[in-house]
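Fair warning: this is a prediction, and the values are worked out from it, not measured in the lab. Counting from 1, the numbers follow the sequence of the chain as shown.
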Amino acid sequence: MTPVPTTRTLALLNRESSILAFNRRVLAQARREDVPLLERLRYICIVSSNMDEFFEVRFADYIEAARQPGAGVSNRDLEAVAADAHRLIDDQYHCFNDEVMPALQREGIRILNHGERNDAQRRWVDNFFQRQVRPLLVPVGLDPSHPFPQVANKSLNFIVRLGGQDAFGRENSIAIVKVPRVLPRVIRLPDELAGGAQCFVLLTSVIRAHLAELFPGREVEAFSQFRLTRDSDLAVDEEDVVNLRQALRSGLTTRHFGQAIRLEVVNTCPPELSAFLLAQFALPEAALYQVNGPVNLVRLNALIDAADAPHLRFAPHEPSWPRRLSRDESIFKHLSEVGDVLMHHPYQSFEPVVQFLREAVEDPDVLAIKQTIYRTGSESPLMDLLIEAARRGKEVMAVVELKARFDEEANINWAERLEAVGAQVVYGIVGLKTHAKLLLVTRREASRLRRYAHLSTGNYNPKTARLYTDVGYLTADPELTSDADAVFQQLASLGKTRPMKQLLQAPFTLHKQTLKLVEQVAQAARDGQPARIVAKVNALTDVPLIDALIAASQAGASIDLIVRGACMLPPGIPGQTDRIRVRSVVGRLLEHSRVLYFRWGSRDDDEALYLSSADWMSRNMFRRIEVAWPVRDAKMRQRVIDECLVPYLHDRQDAWELRADGEYERVGQDGPSAQRALMERYAVGG
C-alpha cells in the first residue's frame, strides 16, 4: 500500500522554537499555586538543566546548520531562536526572584546575601570560607606569561578587574578565579544562627564577600561571576576507530572544552568585562546572557533536598505492585501458565523487572541472559545482577550503548565491569544508537528451551522509573521472544535476520510500517469507514510522518497527537490540518511512554495498538536501533487505551493545546488530571 502524497502547502513549525516552547510549559509549572513551593523551585531548576542541554546539543547543531549553505537554516532563523531563548531565560529569573523565592521566604526558607547576614552569620561564613573554600581557590592574574585559563563547560568562575599594581609593579588589571566543582554551591547555616528560619548561603555569595582577600594589595574595582556553555557532543568517527570504547573515553576528557556557545554573566557585570569575555571566547553579542541571580540555577536542587519542609513538596507516591502478579510467585511460572504482564510505571512498581532478572540469575535452569543497556545510571541493581549472572557461569550478552548522551562514562564503566567477569559485551552497530529496551532470558524446561522477555518504552533505570511514565511488558509469547532474540543475534553478528513476526524494528521496518498504518487509516476515511489515529510520543519532527498524518486528516481521518515536547506539525489549519489536534501534558511526572493507536474500520480487528521505544523523529527511525511491538490481547489493549490515551485527551489540569502558529494554550486548571487520576487509582493497590 503506497502512501498518498500530501497536498501540504503550509510551512512546518520550527523544531528549536518548539523545544523552547516546551520549556515555557515547564516554567509555567513553577507559577502554579497548586504546586508545592519547593517543587515550583524544582521546575525552575529543570528549565535550567533543559536549557543547558539545548545549548550544548541542539543550538550548537543549529549554529552549524546556519553556517552550511543549503541546510535550510538562515541567520534570521538563528537570531529568532536566540531571541526566544533570551526571553525564556529572562522570564525564568523573574519567576525565581519575584514569585518563588519571596513565597519561600514567607515559609521561613531564605537565601541570605552578604548584606542580609548579621554579624554572627558573617563570622560563620568567614570561618567556612577560610577552612573550606580559600585553600582550593587559585586566582590567576592575566599577563603574557599567565594566559587566560581553560574554562570548562558549565563551570563557575569569577572575572575581576583590579586597581593598582601587582607585586612586581605592573598594572595587569584582569584576573580569573575558577571555582572547583567539588565545592558545595548551597550551604545551610546552623539552626542556632538562623533565628527560627532555615537559612542558606550560596557559594557565589561567600566568594564574592571575600574576593578582596584573594588579591592582597590590590583594589577590586569590578567583578562578575560567569559560566560558559560549550558544544558537548562527542565527535568520534566510528568508521575510523579500532576500539569505540577507548575512543569515547578519550573524547570524554576533551568534552568539557568544546566550542563556546553561550556566556552567562550576572546583570551587574560591567560592559567592558562582558565584552572582554565575549572576545576571549569568540562569541557574538547575542550569545551573552545577563541574568538576575546565580548563573547556574540547577545547583539550587541542593537547597530543595536540604530544606526540612515536607509540606512544601509533593506528597510521596509509592508505586503499587501489579495486581496480577504475586510477590511470592515465580514470574516464569506466571508468564507460562497465566499470561503476559503489563506494567504502567511509575504508578506500578519497577521492582518486578528487577525480580524477573534476579530470578533468572538465581535459577539454575536459566542458561542465557541478553539485555540492552542505554541509561541505567552509575548505580544499578540490574547491572549488578548481570555481573552476578556471568560470575555464575550463565551466558550473558550485554548490548551497551556507549553513545548515550551524557551517560557515556557510566556505560563505559559498566561495559568494562561486565567484560571483566566474562560477559559478552557488544556496542551495537556503527553509526546507529541502540535505543531499544529489551531483556531476554532463555530457560531449559524439560527437553526444550523457552524464552521469556521484558520489553519497555523506557530505560532500565529504577530511579527514573519512579519519575517517568513508561509501559513495561513481560511476556513468554513465542513470536515476540523469537523476534527479540533475532534483534540480539543481529546486534552481535551484524547478519541479516528473518522477517519479524511481531516486532517493528528501526532502521528497517518501523518507519515504513508506521507510514503504512497511517495510510491504512487514510484509506478507511476515503471509503467512509471509521478512521482514527491517537499517538502519544515525546516528539514529532519526522517530515514524512508529518506529511502522512496531514494527508490522512485531509482524507477525513480524526487524529489526536499527545506530544510532550517538540512538534513541528501545525494543527487546526482549515482545509489542511483541521482534523488534527495536538496536546502536550506537563505535570508532576515526565511523560515518556510511546503509545500508537490506529483504527481503520468498524470491526473489532480493524485496529492496532503498538508500544515503542521510538519517538516520531528521523533519528529514531533511521539512525537508531528501535522496536515497537503490538498489544494483541484485547483486554490489555483496552487497558493501555484507558490509561495512556483517553485520560490525556480529557486532561484539564496539566494539558496544553498547540495552535497553528506554534503557540500553546493551557486547556484549563480545573478538571481531571491524567497523572493524578492514575496515582489515585494505583495508590489503593492497583
Who passes side-chain hydrogen bond (donor to acceptor under 3.5 Å, both in side chains) against Glu39, sequence neighbours left out?
Arg42
Can you name the residues that form a side-chain hydrogen bond (donor to acceptor under 3.5 Å, both in side chains) with Asp605, not counting sequence neighbours?
none
[X] versus [Y]: any side-chain heavy-atom pair under 4.5 Å?
X	Y	result
Pro570	Leu12	yes
Arg32	Tyr43	no
Leu357	Gln371	yes
Tyr597	Cys644	no
Ile369	Val361	yes
Asp606	Gln529	no
Leu480	Tyr473	yes
Val640	Leu645	no

Pairing residues for [X] by the ring pair (Phe, Tyr, Trp, His ring centres under 6.0 Å) criterion, not counting sequence neighbours:
X	value
His334	none
Tyr347	His344
Tyr610	none

Does the side-chain contact (heavy atoms from CB on, under 4.5 Å) test come out yes or no for Thr509 and Met500, once each step is laid out?
CA-CA 9 Å; Thr509 58; Met500 300 283 181; 5.6 Å; no
Could you check Arg392 against Glu388 for salt bridge (charged side-chain N to carboxylate O under 4.0 Å, His left out), going step by step and ending with a plain yes or no?
CA-CA 6 Å; Arg392 294 190 182 203; Glu388 178 61 22; 2.9 Å; yes
Where do Arg583 and Asp560 land on the salt bridge (charged side-chain N to carboxylate O under 4.0 Å, His left out) test, with the steps shown first?
CA-CA 8 Å; Arg583 283 188 153 217; Asp560 278 287; over 6 Å; no
Check: [X] side chain, [Y] main-chain N or O, donor-acceptor pair, under 3.5 Å:
X	Y	result
Arg637	Val631	yes
Arg564	Phe22	no
Thr457	Ser612	no
Thr577	Ile580	no
Asn50	Asn23	no
Asp651	Ala674	yes
Trp321	Leu325	yes

Looking just at side-chain N and O atoms, do [X] and [Y] make a donor-acceptor pair shorter than 3.5 Å?
X	Y	answer
Ser482	Arg498	yes
Gln653	Gln675	no
Arg25	Ser584	yes
Asn620	Glu626	yes

Any chance you could measure [X], atom [atom1], to [Y], atom [atom2], to the nearest 0.5 Å?
X	Y	atom1	atom2	answer
Leu609	Asp633	CG	CG	11.5 Å
Ser613	Leu438	OG	CG	7.5 Å
Glu359	Gln355	CD	CD	6.5 Å
Asp34	Arg676	CG	CZ	6.0 Å
Thr469	Arg588	OG1	CZ	13.5 Å

Apply the test side-chain contact (heavy atoms from CB on, under 4.5 Å) to residues Ile373 and Leu386: give CA-CA distance (whole Å), side-chain angles for both, the deciding distance (0.1 Å), then the verdict.
CA-CA 11 Å; Ile373 300 169; Leu386 283 183; 4.2 Å; yes
Quick test of your reading: applying salt bridge (Lys or Arg N to Asp or Glu O under 4.0 Å), list the pairs with at least one residue in [range], sequence neighbours left out, ordered by first then second residue.
range	answer
residues 638-647	Arg639-Glu643, Glu643-Arg681
residues 455-477	Glu318-Arg466, Asp477-Arg632
residues 486-495	none
residues 325-352	Glu351-Arg358

Which is it for Gln520 and Phe598 under the side-chain contact (heavy atoms from CB on, under 4.5 Å) test, yes or no, and what are the steps along the way?
CA-CA 9 Å; Gln520 196 167 348; Phe598 306 91; over 6 Å; no
Closest non-hydrogen atom pair between [X] and [Y], with its separation:
X	Y	answer
Thr372	Lys437	OG1-CA, 3.5 Å
Arg532	Leu649	NH2-CD1, 3.9 Å
Cys567	Leu658	SG-CD2, 4.1 Å
Met617	Ala539	SD-CB, 3.6 Å
Asn461	Phe350	N-CZ, 4.2 Å
Gly495	Gln490	O-CG, 3.3 Å

Using the rule given for ring pair (Phe, Tyr, Trp, His ring centres under 6.0 Å), can you reason through His435 versus Tyr374, listing the C-alpha separation, both sets of side-chain angles and the distance that settles it, and then say yes or no?
CA-CA 6 Å; His435 193 250; Tyr374 192 72; 4.7 Å; yes
Can you confirm whether Glu395 is buried at CD, in the sense that more than 12 heavy atoms of other residues, nucleotides or ligands lie under 6.0 Å from that atom?
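Counting neighbours around CD of Glu395, 12 or fewer heavy atoms of other residues, nucleotides or ligands fall under 6.0 Å, so no.
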Listed by chain and number, what are the salt bridge (charged side-chain N to carboxylate O under 4.0 Å, His left out) partners of Arg652, not counting sequence neighbours?
none
Show me, pair by pair, the donor-acceptor contacts under 3.5 angstrom made by side chains of residues 446-454, not counting sequence neighbours?
from	atom 1	to	atom 2	distance (Å)
Arg451	NH2	Asp485	OD2	3.4
Tyr452	OH	Glu445	OE2	2.3
His454	ND1	Tyr460	OH	2.9

Show, in sequence, the C-alpha distance, side-chain angles and deciding distance for Thr497 and Val487, and conclude whether the side-chain contact (heavy atoms from CB on, under 4.5 Å) test is met.
CA-CA 8 Å; Thr497 64; Val487 173; over 6 Å; no
Within residues 501-526 or reaching into it, pairs that qualify as ring pair (Phe, Tyr, Trp, His ring centres under 6.0 Å) - sequence neighbours excluded:
His511-Phe622
